[in-house]
Amino acid sequence: MIRVDGRTLRCADVVTAARTEGPLGIDVSIAALRAAEHAWKLAEELSTRRVVYGRTTGVGANKDDIVESSVEHGLRLLRSHAGGSGDELPAGHVRAMLLIRLNQLLAGRSGISPELIGALAEAVRTGARPLVHRLGAIGTGDLAPLAEAALALTGERPWVTGHVPPVPVRAGDALAFMSSNAATLAEATLAAMRLDTLTRASHAVAALTYVALDGNPEAYATPVHEARPHAGQVACAAEMRRLLGMHQTPKPGRRIQDPFGLRAFPQVQGPALDAIHYLRDVLAVEINASTENPMISAVHGDAYHHAHFHTAYVSTALDQARATVHQVAELSVARLGDLVEPEFTGLRPFLAAGPPGSSGVMILEYVAHDALTELRQAALPATLGTAVVSRGIEDHASFSTQAARAATAACSAYQQVLACELVAAVRALRMREADLVELPVRDAFEAASEVLDPGLDDRPLTGDIAAAGGVLDSLARI
């Protein structure tokens, strides 16, 4: 049961909504509904005695055009803004968007009508999903996706799955419903949680490679990381010590110093852990935030015009997360290179086991570098550009929407990179018959071994890579 009260929604709840096909158990706060109704009544009253953007005026560059606060004006706004294009948003993305938007509206500062909130809650509860398109936002409000969703609630646009009885749009509802980045936040949250899982899994993958390469434990020793105690770096080193059973610094490994793929892992993984932690903190604020412009404050009895629709926090946090994850992925590809090198493993080139000239896992490097290149493209900052729209009135854009899409692409590419390293690490450990009995990372080896083909002959590795990618979630929990 997910609590929806405008204050306590969690990123994990958003993931649950995205993954739940069909009805979703939600507990909508009665107190929040009453607060939202109070704000709606106040907004109606304010519109009779002062100028309120989007209610008594047009929007964007039409802000100075005085209009009658009416149902017709609201419908015109929704119809004109429901111009989304491109592919349909994935089903899970739409379900997450609807939950976030419902929660934001229950923060009680939108001035939206109770009927529309109730219809949205019913859609979330029953799993009804409107047709929403991918294109139509630049990080200053998901106007097109949310307008499409609102018109579905009114009965004017189609539902892909299920439906709810249509409700009327009250005066002022249109802009109040669209004033949010719920679609962007949905994708950003799903990507952030996926990156969190993959970075946790990468500890286990790196630990398996460490064992296969007879790594030097000094790089992870407590005294080393106490000397430069960045939070993420310290946490990574501690996790590696845990997985490798390093209760105290054991004897040195085969080399006095390992390649950077092992030796610098905490220093490179640390920034990624910190960046993802910060991203999750930003998203936890955003999914519980009142972003509607204007904000209707029942406490102060007034409307406030502002720029909460601008999502610079989200876009910059996403850019940082993608950039740091890319660096971690570079180390994974470097470790894969070490795993196919006899000087590091004591095994045959490419972990081959057949006649001379056998290729073994040679293709893994090509696949990993292909995926790494995709990740590099996805890691390029989205925040270095801007846009000037609506006749110059809206003269800056965060492009958080595009940053979120890039984060989704980064997740897919990073998973492929880690999967390639995992296939090679497990193969090397099998060939070496490594003793993992007393190491916690043995659980990771056994989980991967259950799904990876034990054969060492030259054969297509497509299925192995897919299976390795599929087991990463389990490795993240070890």
Shortest non-hydrogen contact from [X] toward [Y]:
X	Y	result
Ser449	Val426	OG-CG1, 4.0 Å
Ala174	Gly74	CB-O, 3.2 Å
Leu198	Cys411	CD1-O, 3.5 Å
Ser113	Arg170	CB-CG, 3.4 Å
Val471	Ala447	CG2-O, 3.7 Å
Ala413	Ala371	CB-O, 3.4 Å

Verdict with reasoning, His203 to Leu243, per side-chain contact (heavy atoms from CB on, under 4.5 Å): CA-CA 8 Å; His203 292 110; Leu243 289 167; 3.8 Å; yes
Between [X] and [Y], is any pair of side-chain heavy atoms under 4.5 Å apart?
X	Y	result
Leu42	Leu46	yes
His326	Tyr414	no
Leu384	Phe399	no
Ile276	Thr199	yes
His81	Leu146	no
Gln377	Glu374	no
Asp196	Leu273	no
Ile2	Val4	yes

A quick test of your reading: do over 12 heavy atoms of other residues, nucleotides or ligands sit less than 6.0 Å from [atom1] of [X]?
X	atom1	value
Arg34	CZ	no
Tyr278	OH	yes
His133	NE2	yes
His38	NE2	no
Glu45	CD	yes

Filter on side-chain hydrogen bond (donor to acceptor under 3.5 Å, both in side chains), then keep only pairs touching residues 83-109, sequence neighbours left out; what's left? Arg101-Gln104, Arg101-Glu292, Asn103-Asn288, Gln104-Ser180, Arg109-Ser290
Before accepting this row, confirm whether a basic side-chain N of the pair [X]/[Y] lies closer than 4.0 Å to the acidic partner's carboxylate O.
X	Y	answer
Glu122	Arg125	yes
Arg477	Asp443	no
Arg50	Asp302	yes

Could you give the distance from [atom1] ([X]) to [atom2] ([Y]), rounded to the nearest 0.5 Å?
X	Y	atom1	atom2	answer
Asp274	Leu279	CG	CG	12.5 Å
Leu131	Leu151	CG	CG	11.5 Å
Thr154	Leu78	OG1	CG	7.0 Å
Arg10	Ile287	CZ	CD1	9.5 Å
Ser110	Met295	OG	CE	11.5 Å
Ile465	Leu364	CD1	CG	5.0 Å

Has the side chain of [X] got a donor or acceptor atom that lies under 3.5 Å from a matching backbone atom of [Y]?
X	Y	value
Asp458	Ser359	yes
Arg200	Ala476	yes
Gln327	Gln269	no
Ser412	Ala409	no
Ser332	Val328	no
Arg55	Val51	no
Arg322	Leu380	yes

Would Asp473 and Arg194 count as a salt bridge (charged side-chain N to carboxylate O under 4.0 Å, His left out) here? Give the steps. CA-CA 9 Å; Asp473 283 29; Arg194 186 64 191 153; 2.5 Å; yes
Salt bridge (charged side-chain N to carboxylate O under 4.0 Å, His left out), that's the test. Do Lys41 and Glu37 meet it? Break it down for me. CA-CA 6 Å; Lys41 292 178 178 178; Glu37 183 176 6; 3.7 Å; yes
Thr8 vs Asp5, side chain to side chain donor-acceptor pair (under 3.5 Å): CA-CA, chis, key distance, verdict: CA-CA 7 Å; Thr8 61; Asp5 57 13; 3.0 Å; yes
Applying side chain to side chain donor-acceptor pair (under 3.5 Å) to Ser47 and Thr56, what does each step give before you reach the verdict? CA-CA 7 Å; Ser47 298; Thr56 66; over 6 Å; no
Criterion salt bridge (charged side-chain N to carboxylate O under 4.0 Å, His left out) on Glu156 and Arg79, from CA distance to verdict: CA-CA 9 Å; Glu156 287 200 12; Arg79 290 166 182 161; 2.5 Å; yes
Stepwise, does the side-chain contact (heavy atoms from CB on, under 4.5 Å) test hold for Thr140 with Val389? CA-CA 11 Å; Thr140 55; Val389 297; 5.9 Å; no
Assign the ring pair His306 / His308 to parallel, tilted or perpendicular, where the plane angle (0 to 90°) is split at 30° and 60°. tilted
With under 30° as parallel and over 60° as perpendicular, where do the rings of His310 and His396 fit, or are they tilted in between? parallel
Given the rule in the side-chain contact (heavy atoms from CB on, under 4.5 Å) test, do Leu472 and Gln415 qualify, once you have shown the distances and angles that lead to the verdict? CA-CA 8 Å; Leu472 290 173; Gln415 177 170 313; 3.8 Å; yes
Do Asn293 and Ser179 have a side chain donor and acceptor closer than 3.5 Å? no
Would Leu106 and Val28 count as a side-chain contact (heavy atoms from CB on, under 4.5 Å) if you check the C-alpha gap in whole Å, the side-chain angles of each, and the deciding distance to 0.1 Å? CA-CA 9 Å; Leu106 287 172; Val28 176; 3.7 Å; yes
Pairs involving residues 141-189, ordered by first then second residue, that meet ring pair (Phe, Tyr, Trp, His ring centres under 6.0 Å) (sequence neighbours left out): none
Kindly indicate, with the supporting measurements, whether the criterion side chain to side chain donor-acceptor pair (under 3.5 Å) is fulfilled by Thr311 and Ser400. CA-CA 6 Å; Thr311 46; Ser400 60; 2.6 Å; yes
Within 45° of the ring axis of Phe350 and under 6.0 Å from its six-membered ring centre, is that where the NZ or CZ of Arg427 lies? no
Residues passing the side chain to side chain donor-acceptor pair (under 3.5 Å) test with Thr184, sequence neighbours excluded, are Asp142, Thr401
